[in-house]
Amino acid sequence: MANIIELKDIRKSYDGVRDVCSDINLEIKKGEFVTLLGPSGCGKTTTLRMIAGFEQPTSGEILLNGKDILSLPPNKRPVNTVFQRYALFPHLNIFDNIAFGLKLKKLTKSEIEEKVNRVLKIVDLEGMEKRSISTLSGGQQQRIAIARAIVNEPEILLLDEPLGALDLKMRQEMQLELKNMHEQLGITFIYVTHDQEEAITMSDKIVVMADGKIQQIGTAEDIYNEPKTVFVADFIGDSNIFNAVMSGKMKVNFCDADFDCLDDYPLHSDADVVVRPEDVVIVKDGSGQIKGVVDSCIFKGIYYETTVVSGKNEIVLKSTKESKLGDEVELYIEPDGIHVIPAPKNMNQFEGVITKNHTLNFAGGELEYDVTKLFKGSTHDGKHLFSAEGERIHLTDMPISVEIPVEALDMSDDLDESMISGEIISLIYIGDHYRYKVRTEDGSDFTIADEDLWNEFDRVSVLIDADMIKVNVGEVQ
Amino acid sequence: MRFKRRQLSIPYLIFMLAFVVLPLLVVVYYAFTNGEGEFTFDNFIGFFTSGNTIGTLLYSFMIAISVTIVCLVIAYPVAFALARSEAKYRAVLLMLLVIPMWINFTLRITALKEILTFIEGNLAYHPFINTAIGMSYDFLPFMILPIYTTLEKIDNSLIEASYDLGASYSSTFLKVVLPLSVPGIISGITMVFLPAMTNYVVLDMLYNSTYIMGSLIGSYFSAYDWHNGSMISIVLFSIIVIITLFTNKFGEPDSESKGAIL
């Protein structure tokens, strides 16, 4: 089937420095129910607003049925939006709210009445035309907001966290109703939410977003079973994530044990392994790969959430049987329960310059460094650097590239402890430690491993062990 | 004995009783009596049968209506621009509007008088226009502020919803923004029209030869004619009560948008 809407290389930046969205490439087929899923601030609402026309992308194209619609204002686009807080007109009654778009199209009175009555039937609020908006409950207002949008028969219906303000029971009910409505109307739905369960329940296709970028596009099953990044695995469903190394052909080592797996990557390459709690089983016949001790066992209604500690690693599993605290157990993981994601070799690479005080300037801060290491045999007299031949080397503003292994990094809440500081923008629990992403003010990201739990949005200073970093003169190759 | 919260209002009640209710009763008494203290309607009959006094009443009406219209026409675009301006400049722009109010009223009107004299030569030739200009100048902020408050409170998503449903810029204004700002317009009108009906200081300071209702009362009282002065006060009071009831009914804002006055 043809694509009804295509987003091509969309980038959006408000200040010209930081991108709110970048590299957004998305194709949506006619009649699909697509969900943009991600934590707050991931760019999903901005993407939706660009489709609606309330925001202009900084660059890129949005094609509707193959035609660029970026030059069209919101009122000329054949899409309608259901707003987060409904945005019903308080000065109009239910009928006039729903008929707002139809009246602008200059339909006759009887046509308008017929259409309004039909959508009121769809949203199950017949006979309430004359009621005022303020007399409605949240759920009813939500239905009116949906009715007001679909009565215009848009090609695409945009829904911006429409169920966010409802309580759990109402939300679950509305999820099913929306799904039914989608089937009944045959309109393409683009739905924005941060609720993974909502996304999984309703969507044909889920677009996972984080940090302004699309992380993965796929069906709910794809994304759950084959997460492409550790972020996706952590965001969708429960998961155990471990640092791992490939230890042979289709063999991976983590938690101090070798496992058969279904993915093949070069020997000794670094990887992250994702194991879903339901894929870990307790065995008693000696076939288990991991030995550990039961640390906690919590009854969750249909299963026990059991945490087993093995060495420094924690493994969470779901079991129908209760385990005693302190029991020694063996754990077995099937090869197809192990999902290997190749980990980038070194995530902390920066470009910078040498300052006139002979410190390294990168990531919006400065680091003291023994510059004699940059040139073999060179000497420093406290003011200038001289080569082995005794010639003076001018260092000021010399471009450098800095490579920092994860082990060389640490964090501190004392912001004066280092000249480089930033904000924790994400954290993921990896077996025996947390993996943090710290973003500095100039937008550089540090990946830092730490055993202690910090909070998202904490401001920290980044401590760098200058002896462990690798500095090269010149730009990155 | 426990201290009740409603007891806090006792000082206010005493004040109201002594300085509002009692004087009002005295005014009513004087309005319906003659020099010999006898009950009579003569004062009112005299007022409504005299061409002069009716003329003054109509003249005051005309001035008040003109002032209200001028204020509304000037204030709405200003309030709109203010509400739509970038948040960081808004405080400054608002301040620019409020600062003139900090300057003494007498000083402002005197300055205005000088300007008008410079333009017109002799102020006595255009009493109506001068009074209207003076009052509009004085009352303009009272029209801007309530309209600005209601406009500023309009949820931006309502405006976006209107565009989204196919409305152009102008129909969004007519169908969404304007109706939602009616409570602000109503309180703006109330705050300008009523003082414009009774104010006579502006007129006096601009050395005007004409009379409006306020100056009529003033002149009776300064001539020690308590009966006619009181009678006109009662007439004016009744007119204002009627107008207030009418605008409240007409505006009938839903509970949320009430309280637009400053």
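Residue numbering restarts at 1 for every chain, and letters A, B, ... go by the order of the sequence lines.
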From [atom1] ([X]) to [atom2] ([Y]), nearest 0.5 Å:
X	Y	atom1	atom2	value
A:L92	B:L180	CG	CG	8.0 Å
A:H91	B:L178	NE2	CG	9.0 Å
A:R49	B:E160	CZ	CD	4.0 Å
B:S162	A:F89	OG	CZ	5.0 Å
A:Y86	B:L158	OH	CG	14.0 Å
B:S157	A:F54	OG	CZ	9.0 Å

query = Which region of B:S171, side chain (C-beta onward) or backbone (N, CA, C, O), has a non-hydrogen atom less than 4.5 Å from a non-hydrogen atom of chain A, or is it both or neither?
reply = side chain
message = Taking side chain as everything from C-beta outward and backbone as N, CA, C, O, which of these in B:D164 sits under 4.5 Å from a heavy atom of chain A? Side chain, backbone, both or neither.
response = both
Are more than 12 heavy atoms, taken from residues, nucleotides or ligands other than [X], located less than 6.0 Å from that residue's [atom1] atom?
X	atom1	result
B:Y169	OH	no
A:K121	NZ	no
A:R85	CZ	no
A:E441	CD	no
B:F237	CZ	no

key: Minimum-distance pair of heavy atoms, taken over all atoms of A:A87 and B:A161   = O-CB, 3.9 Å
message = Looking at every non-hydrogen atom in both residues, tell me the closest pair between A:L104 and B:G166 and how far apart they are.
response = CD1-C, 3.8 Å
ask   = With a 4.5 angstrom heavy-atom cut-off, which part of A:L88 approaches chain B: side chain, backbone, both or neither?
value = backbone
inquiry  = Just to be sure I understand the criterion: a residue of residues 64-81 of chain A counts if one of its heavy atoms is under 4.5 Å from a heavy atom of chain B. Which ones qualify?
reply    = A:P74, A:N75, A:V79, A:N80, A:T81
